[in-house]
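As a basis for the values below, the full set of heavy atoms in this structure was taken, side chains included, without hydrogen atoms, waters or symmetry mates.
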Amino acid sequence: MSHEPEEDPRLELYSRFIADLESNDRRPYYEEDELVELFDFAGDRDDAKVRCEVLFAAARLYPESVPLRMRRAIYYFENGMDSAARNIMDTLPENMFLRHVLALRLDSVNIDSDTGAERMDMLMQHAPEKFTDEDVIQLVNAAEEIGAHDWLKAHREQIRYHCDYLPSFLYEYAEAMMEAERYADAAEALDELTLLEPFNIDYWDFLAQAYGADGKYDQALQAAEYSMAINPDGARARLNRAHALYSLKGADAADEIKELLTDSIYDDPANSRGVQLLASALSAGGRNTEALELLRNFSRINPTDRDVIDGRLFLGDPEVSDALYILLDVSPELTEKDWTDWAKKHLSEPYNYNASAFCAILDCWYQRANRIGEGLPRLFEGLYRLGRYEDVIDRFNNYKKAISAAPSVLERPHPQLMFLTVVLAELRLKRRGARERVAAMIEDEFGKPMTVANMDARMTAVGYREKIVEVYHLVKSPGRITTARLDLVDPFPPAR
């Protein structure tokens, strides 16, 4: 969302336009400059529907309007229709600043960091005496798209000179710097904005966010408190204050955060940041039961929020499998790659290398309808490493049922790693007859008598092949299979 002044006169026009759209009068009359203002204002509010309706009205009322055709070209470009945008742009006067901006944006894929500053300098040669808000927005967008953030910072004063309304530029500049993770630069611009319009809570909220992202939590807390002084019930200010408190005080801030967020924590099903923050604060203080209850409640409201499910996985929620299966049912658009990528994320440092979470996610995907896929061997390895030997064998039985229903799959051998974990799991369970079952499984898989040559005919890759040979020699050799002997052939021996 872009900048809006505290008392934007376009709001009344915007409200009237929406009312006309909702009424039976589908052919209201608007002046040309009103439609231009409406298009730009709707862009500030990220209102794609109103922008589109404005263009329909423009085509009916002012088909030859240059500023409205310029905006139609911008709309086409921003929605991926480059050819249509270029066709319109080529019919517009060459001295139009927005035309030059759009030409640069259309060519952005051919502009690198070495030529970006030069292209921006050339663009500024066409700058009008005073920029409109749309000029500013498009100029900053162009600089952002070609990575010319340094140029933007170096030319702040030049751009300010052309600004008819300075806050528009400062806000757009701050957004671009935040997107580029240049938080100090963003905070500098936002700090100036709060001096220009000290009662605009959006500016204080954005400033608190920038300070927090930059690790300046004391300043973030102060900015959030200024915002709350203007509007004590502001949801963004409360969340920003809660973030700052947690960053400064950790678990000791849990009760303060709870007081700040409890009343509004479930108000927006599309935004779980407050729930995640409060759950983190409670968990940090050992209050996992409360944290899990918060996360479970939010999952009931929005079962598609994977960040909340991640929190439940992190806390070891015994009920999380239900949430995973619900997600699978309500989000059919998620593919095997989506699920495997999500699972792999939990094997990284930020997620504490959570193998249980990794397995829970993959297990959900593959167990539903006995799916077969490339991630199965990793699932088997994860279950085995966790000591879930019964689950390894159970999933392998399901796998065999799945391939029996798909004859084409029978031509492929079981992935080496998956098969190895199964035979090792049988031995780890130390059940009666395990030795004989394992020998029979290997012989059935690779032929009898089992030789390395036979295995080469079915498995060309080395690595785990040799391990399966070692397991076979172990079960065929005399003597008791002790834990120590099993550890010698196990590539994933349990930690002791």
Basic-acidic side-chain contact under 4.0 Å: [X], [Y]:
{"X": "E78", "Y": "R105", "value": "yes"}
{"X": "D310", "Y": "K345", "value": "yes"}
{"X": "R428", "Y": "E390", "value": "no"}
{"X": "K49", "Y": "E53", "value": "no"}
{"X": "R431", "Y": "E426", "value": "yes"}
{"X": "E470", "Y": "R485", "value": "no"}
{"X": "R182", "Y": "D150", "value": "yes"}
{"X": "R10", "Y": "D40", "value": "no"}
{"X": "K153", "Y": "E188", "value": "no"}

So how far is it from [X] [atom1] to [Y] [atom2], rounded to the nearest 0.5 Å?
{"X": "L282", "Y": "T289", "atom1": "CG", "atom2": "OG1", "answer": "10.5 Å"}
{"X": "Y173", "Y": "R156", "atom1": "OH", "atom2": "CZ", "answer": "4.5 Å"}
{"X": "T421", "Y": "Y384", "atom1": "OG1", "atom2": "OH", "answer": "8.0 Å"}
{"X": "D307", "Y": "R273", "atom1": "CG", "atom2": "CZ", "answer": "11.0 Å"}
{"X": "F41", "Y": "L13", "atom1": "CZ", "atom2": "CG", "answer": "9.0 Å"}
{"X": "Y366", "Y": "C359", "atom1": "OH", "atom2": "SG", "answer": "12.0 Å"}

Taking the side chain as every heavy atom from C-beta outward, state whether [X] and [Y] have any pair of such atoms under 4.5 Å apart.
{"X": "K344", "Y": "I361", "answer": "no"}
{"X": "L486", "Y": "T482", "answer": "no"}
{"X": "D205", "Y": "S227", "answer": "yes"}
{"X": "L245", "Y": "R241", "answer": "yes"}
{"X": "T304", "Y": "L327", "answer": "yes"}
{"X": "D135", "Y": "H162", "answer": "no"}
{"X": "M120", "Y": "L139", "answer": "yes"}
{"X": "N297", "Y": "I265", "answer": "no"}

Using 30° and 60° as the class boundaries, would you call the ring planes of F380 and F396 parallel, tilted or perpendicular?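 Geometry flag for F396 against F380: perpendicular rings.
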So K216 and D214, salt bridge (charged side-chain N to carboxylate O under 4.0 Å, His left out) or not? Walk me through it. CA-CA 6 Å; K216 296 179 178 178; D214 199 31; 3.6 Å; yes
Would you say the side-chain atoms of [X] and [Y] include a donor-acceptor pair closer than 3.5 Å?
{"X": "D267", "Y": "S264", "result": "no"}
{"X": "N110", "Y": "D107", "result": "yes"}
{"X": "N398", "Y": "Q367", "result": "yes"}

What do you reckon, are the aromatic ring centroids of [X] and [Y] less than 6.0 Å apart?
{"X": "F97", "Y": "F131", "result": "yes"}
{"X": "F358", "Y": "Y351", "result": "no"}
{"X": "Y211", "Y": "Y217", "result": "no"}

Could you tell me whether the side chain of [X] and the main chain of [Y] form a donor-acceptor pair under 3.5 Å?
{"X": "S280", "Y": "Q276", "value": "yes"}
{"X": "T335", "Y": "D338", "value": "yes"}
{"X": "R238", "Y": "L261", "value": "no"}
{"X": "E319", "Y": "R296", "value": "no"}
{"X": "S283", "Y": "A279", "value": "no"}

Looking only at non-hydrogen atoms, find the nearest pair between [X] and [Y] and report the distance.
{"X": "M418", "Y": "P377", "result": "CB-CA, 4.2 Å"}
{"X": "R71", "Y": "L55", "result": "C-CD2, 4.3 Å"}
{"X": "N354", "Y": "L313", "result": "ND2-O, 3.6 Å"}
{"X": "S299", "Y": "V308", "result": "OG-CG1, 3.5 Å"}
{"X": "Y325", "Y": "D363", "result": "OH-O, 4.1 Å"}
{"X": "L239", "Y": "G274", "result": "CD1-CA, 3.7 Å"}

Go through the steps for M124 and I159 under the test side-chain contact (heavy atoms from CB on, under 4.5 Å), then give the verdict. CA-CA 9 Å; M124 287 298 290; I159 297 171; 4.3 Å; yes
Verify side-chain contact (heavy atoms from CB on, under 4.5 Å) between R287 and K258, making sure each step is shown before the conclusion. CA-CA 12 Å; R287 297 159 65 175; K258 189 173 182 179; 4.3 Å; yes
Would R16 and E34 count as a side-chain contact (heavy atoms from CB on, under 4.5 Å) if you check the C-alpha gap in whole Å, the side-chain angles of each, and the deciding distance to 0.1 Å? CA-CA 11 Å; R16 176 161 62 88; E34 288 182 320; 3.3 Å; yes
Going by the rule side-chain contact (heavy atoms from CB on, under 4.5 Å), which residues pair with D391 if we only count those two or more places apart in sequence or in a different chain?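 Result, side-chain contact (heavy atoms from CB on, under 4.5 Å) vs D391: L383, R388, R395.
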When you measure from the centre of the six-membered ring of Y161, is the NZ or CZ of K130 closer than 6.0 Å and no more than 45° off the axis?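 Relative to the ring axis of Y161, which defines the angle, K130 lies inside both limits.
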Geometric cation-pi criterion R51 and Y75, 6.0 Å radius, 45° cone: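 No, R51 does not sit over the ring of Y75.
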Looking at [X], I want to see if its [atom1] is surrounded by more than 12 non-hydrogen atoms of other residues, nucleotides or ligands under 6.0 Å.
{"X": "E293", "atom1": "CD", "result": "yes"}
{"X": "F77", "atom1": "CZ", "result": "yes"}
{"X": "E259", "atom1": "CD", "result": "no"}
{"X": "E349", "atom1": "CD", "result": "no"}

Scan residues 224-246 for pairs that pass ring pair (Phe, Tyr, Trp, His ring centres under 6.0 Å), counting only residues two or more places apart or in two chains.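 Counting only pairs at least two positions apart or across chains, the ring pair (Phe, Tyr, Trp, His ring centres under 6.0 Å) contacts touching residues 224-246 are W204-Y226.
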Before giving the answer on side-chain contact (heavy atoms from CB on, under 4.5 Å), spell out for Y14 and L11 the whole-Å C-alpha distance, their side-chain angles and the decisive distance to 0.1 Å. CA-CA 5 Å; Y14 175 77; L11 184 58; 4.2 Å; yes
